[in-house]
Each structure stands twice: as structure tokens, then as C-alpha cells.
Amino acid sequence: MSAFDILKERGFIEQLTHEDEIKELLEKEKITFYIGFDPTADSLHVGHFIALMAMAHMQREGHRPIALIGGGTAMIGDPSGKTDMRKMLTKEDIQKNSEALKNQMQRFIDFSDNKAIMVNNADWLWNLNYIDFLRDVGVHFSVNRMLTAECFKLRMEKGLSFLEFNYMLMQGYDFLELNKRYGCVMELGGNDQWSNIIAGVDLIRRKEGKPAYGLTFKLLTNSEGKKMGKTEKGALWLDAEKTSPFEFYQYWRNVNDADVEKCLALLTFLPMDEVRRLGSLKDKEINEAKKILAFEVTKLVHGEEEALKAEQAAKALFESGGDLSNAPSSEISTELLGQKVLDVLIEAKVIPSKSEGRRLIQQGGLYINNEKITDMDFVIDESLFKDGEMLVRKGKKTFHRIIIK
RNA sequence: GGGACGGUUCCCGAGUGGCCAAAGGGGGCAGACUGUAAAUCUGUUGGCGCAGCCUUCGGUGGUUCGAAUCCACCCCGUCCCA
């Protein structure tokens, strides 16, 4: 099976610039391709993970990935599909973020022996000469056509600054540069990158008279078409500090029945026969598939050890047995003993405010050591702690161990 | 630069002197039902010492017993003109 067939079968592909040619190319040749990641935050999130999986599949089939860190493009900010301009990042932040992304990426892609390349477009974008750039690259872009691009649609009403308008040229130029430096012939990206990818493909074809190709992935959406990978706290990060392995595991453990198969195909390396079998399980049975999904994805992102711990914690909390010690926890000082629940829970960051805590208790959603708390003035004393530990449950699914320091 | 319109609580959006912590919807949270799912129904959704008080309606000052609502200046956005 070629990389093309694999990506297709697993449901990665959304759009292709030249379907037949790309199919043939990936079957017959080992190519160099690239995916860009802008360092707009200090961690990658699930959206990037799809791209990394695609990259890994391609690499397994012998193609050479270039992971492009957008230290230069992050200075501009991609307006594609966004309703508002993002706040501008400082050079320092961008550099810090670039380092973070670089480290994370090495966990997923094998960069040894030149099997993959990592570059930063800051290398060529930061010192670009404006006039030269306009004459070399700018001529090839039609403003009329750009204005009709899908990626700017949302901005034609809300406003688009000239700064952001240039993003497309920068990304197109990246592709050209990678084509010249490394013989990169294909750019992959999320479907929101379609316009930007075409910009590069066209630029190479026009300026170099060489073939270049583009392919976009489906955005990870659930069966209702909403973006996945969002939690109450924001994105689902790949950094264990920002989203704990347990939280990460639980996210996948709780996906909709209808999305299980799609997630298994996209986010794990399980063979498709197995994916289809698991995805077709019905009713309660599908919980087994969700456990496998959660375990496999967590394993890829955080390693087997963390995945096992998360699995154990989930088992301890929702079933029985299993090791509780890996469930989320926080420490409080002994001075808080004798204080009321709300004060203690605030300190442990289980609730953000007392009003919210009161509401929780009024609505019967707070449990301590599996006993429902109904009294606002309930006092937390030492007798509640077994081995220095107390289990707080908020609603059905949020567990929190509170440990005395 | 000139003119028109706008900036409201997590988001969208109503509110044009007191009855406004501010309608409605979305989202979130909790409860019931379940399978740690979905759908549905119910409650709730600024903070605190919670029948009371405090802070909020772009910013700063002002008018008034009282302002999200009126006035002045400023900042930001969209549109039309240059």
C-alpha cells in the first residue's frame, strides 16, 4: 500500500491539488514534503497531532518530512478562517515557543540520519528585503484573486489588515524556498491551509516551472461537525503540564460513539481491520473501543508509562480496583484542617469561587469520599483523610485527590 | 483627514435615566435517565460574610438624589468619501 492509500483509507485527506498525479507520485517515488507549524503557543495541540500522524505515516512509507517551524510567519499571524486578528507575538515569545514545539515534535517524528528535517522559516523570512521580495514574489500574486480566497471570507466583513494579508505570500514563499533547498515537492496541512498551500504550489509552478503539489487533511470534527480537541479549559494540549495525561486520556475515553472509528483511524496506528472492528461495536460494547482509543492516543503522546497510569486512575475512579495514585491531585497545608469545605476546595483549586461551590452543593453535585455533601458549612477535619488523602468528586466525572502536605 | 454607524456579562445579542447583575439564544456547570456515550427533560450560570453588600456594560472625566443608558474628550472597529 502506498502512503496515498494509507492516508486515504484512514480518512486524512480532504482536498488535493492534483489527485491522480499525487497518487502516482507517492506510489512511484520517495518524495520530500513539508508541513508547517506556527509557534503561536508554547505547545502543540491535537490539531497538530493529526498532521504529525500524517507525517509519521508518510515517513513510514519512505518519504522524507520537513517539519517547518514558522518563526517567521508567526510574526505575521495567519488570518485563515479566523474572525479576528490575533494579538501580535513578540520575537522573544516566538523563539521560546519555537523551542518548545521543536522538542515536542522530536517525540513523534524520527529526525535521525536526515530521515526528517526540521527548519525554521525565520531563517529566510526575518531578513527578507522588502523591495526584492515584492519584485520576486509579489508580482505573481493577484490581489483580485486573493480577495476572493475562502480563507479571507470571514475577514471581508470584520476587517483584514495589510499585515495579515501578506501571510499567504510568506507561506507561498516558504514552499518555494523549501523546494529550492531540499527539493520539497508537496505541502500538507489542515484544510484551513488550502488557500495558503495553493499559493505555494502556484508560485513554484510559475517561478520555477516545476511541479508542486498540495494536500489538506480533514479537520478533526465530531459527528455534529464541531471542532474536536477543545475542553472547558481551551485546547487539548500535547504538553503534560498544560493538559495532564489523565485529562488527555479521559477526553478520548469520552468521545461520542459515532466518532470512535474516525479517531482510531486518525490518531492511532492500529491496523484498519481492527479499527473497523472496534468502531462497529454497539451499545455498551463500544466502551471497550473507547478505552483502547484513549490508551493508544495517550501512549503516542505521553508514552506507555503515562498511558498505563491514566488507565489505572480511570479504572480506580470509575470501576474498582486500579491504582488511585495517578488521579489528579493537589496538596493543601495542615492549617486548612478545621476550615469549611468551600475554603478548602478553593485552596485546592477544585472550584474557582465560593459562589460556584455553593451552587454545586445546592445542586447535589459535591461528594467527599463518596458521601454527598449537603451542608455549606461542612468542616474538613483530619478524620476525612485516609493516609493523608481525601477524595473529592465534583459532578459525575471530575475527581480530585486532596493531599495534606 | 471628513461623514455614518457601532464597542454590553464566556460568545452572540436585547436593553436608551431608577422596576438592571442586566431579556433571549449558544456554550459551560449540576441533577434525572444511561454505558464515564448521544438524545431528552430540569435547575443553574459576576463576586462576597448571600433576605444584605460589592464590582461590571471600550477608557477618563462630568451632569443627576440616581447612568449600561445623558454630556465632553479619548481609544478601538465597520462602512461611505478622500
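Naming convention: chains lettered A, B, ... in sequence-line order (proteins, then strands); numbering from 1 in each chain.
Annotation: cation-pi pair A:Arg64/A:Tyr34 absent, no NZ/CZ under 6.0 Å from the ring centroid and within 45° of its normal. By the 6.0 Å and 45° rule, A:Arg205 stacks over the aromatic ring of A:Tyr213. The side-chain tip of A:Lys91 points at the ring of A:Trp126 from less than 6.0 angstrom away and within 45° of straight on.
B:rU55 and B:rG47 have their C1' atoms separated by 7 Å, with the value rounded to a whole Å. Nucleotides B:rC5 and B:rU56 have their C1' atoms positioned 25 Å apart, rounded to a whole Å. Taking atom P on both nucleotides, B:rA67 is separated from B:rG58 by 15 Å, rounded to a whole Å. A distance of about 12 Å separates the P atoms of B:rG24 and B:rC20, rounded to the whole Å.
When atom types are taken as modelled, the side chain of A:Asn256 and the backbone of A:Ala258 share no donor-acceptor pair closer than 3.5 angstrom. A donor-acceptor pair under 3.5 Å is absent between the side-chain atoms of A:Asn191 and the main chain of A:Thr216, judged by distance alone.
Heavy-atom distances to RNA chain B give each of A:Ser355 and A:Arg393 a nearest nucleotide, and the one nearer the 5′ end belongs to A:Arg393.
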> Pairs counted as Watson-Crick or G-U wobble with both distances under 3.5 Å: what dot-bracket string results for RNA chain B, using | for bases tied to another strand?
Replying inline: (((((((..(((.....[.....)))((((((.......))))))(((...)))...(((((..]....)))))))))))).
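In terms of polar N and O atoms assigned as donor or acceptor, the side chain of A:Gln363 never comes within less than 3.5 Å of the base of B:rG31 in a complementary pairing.
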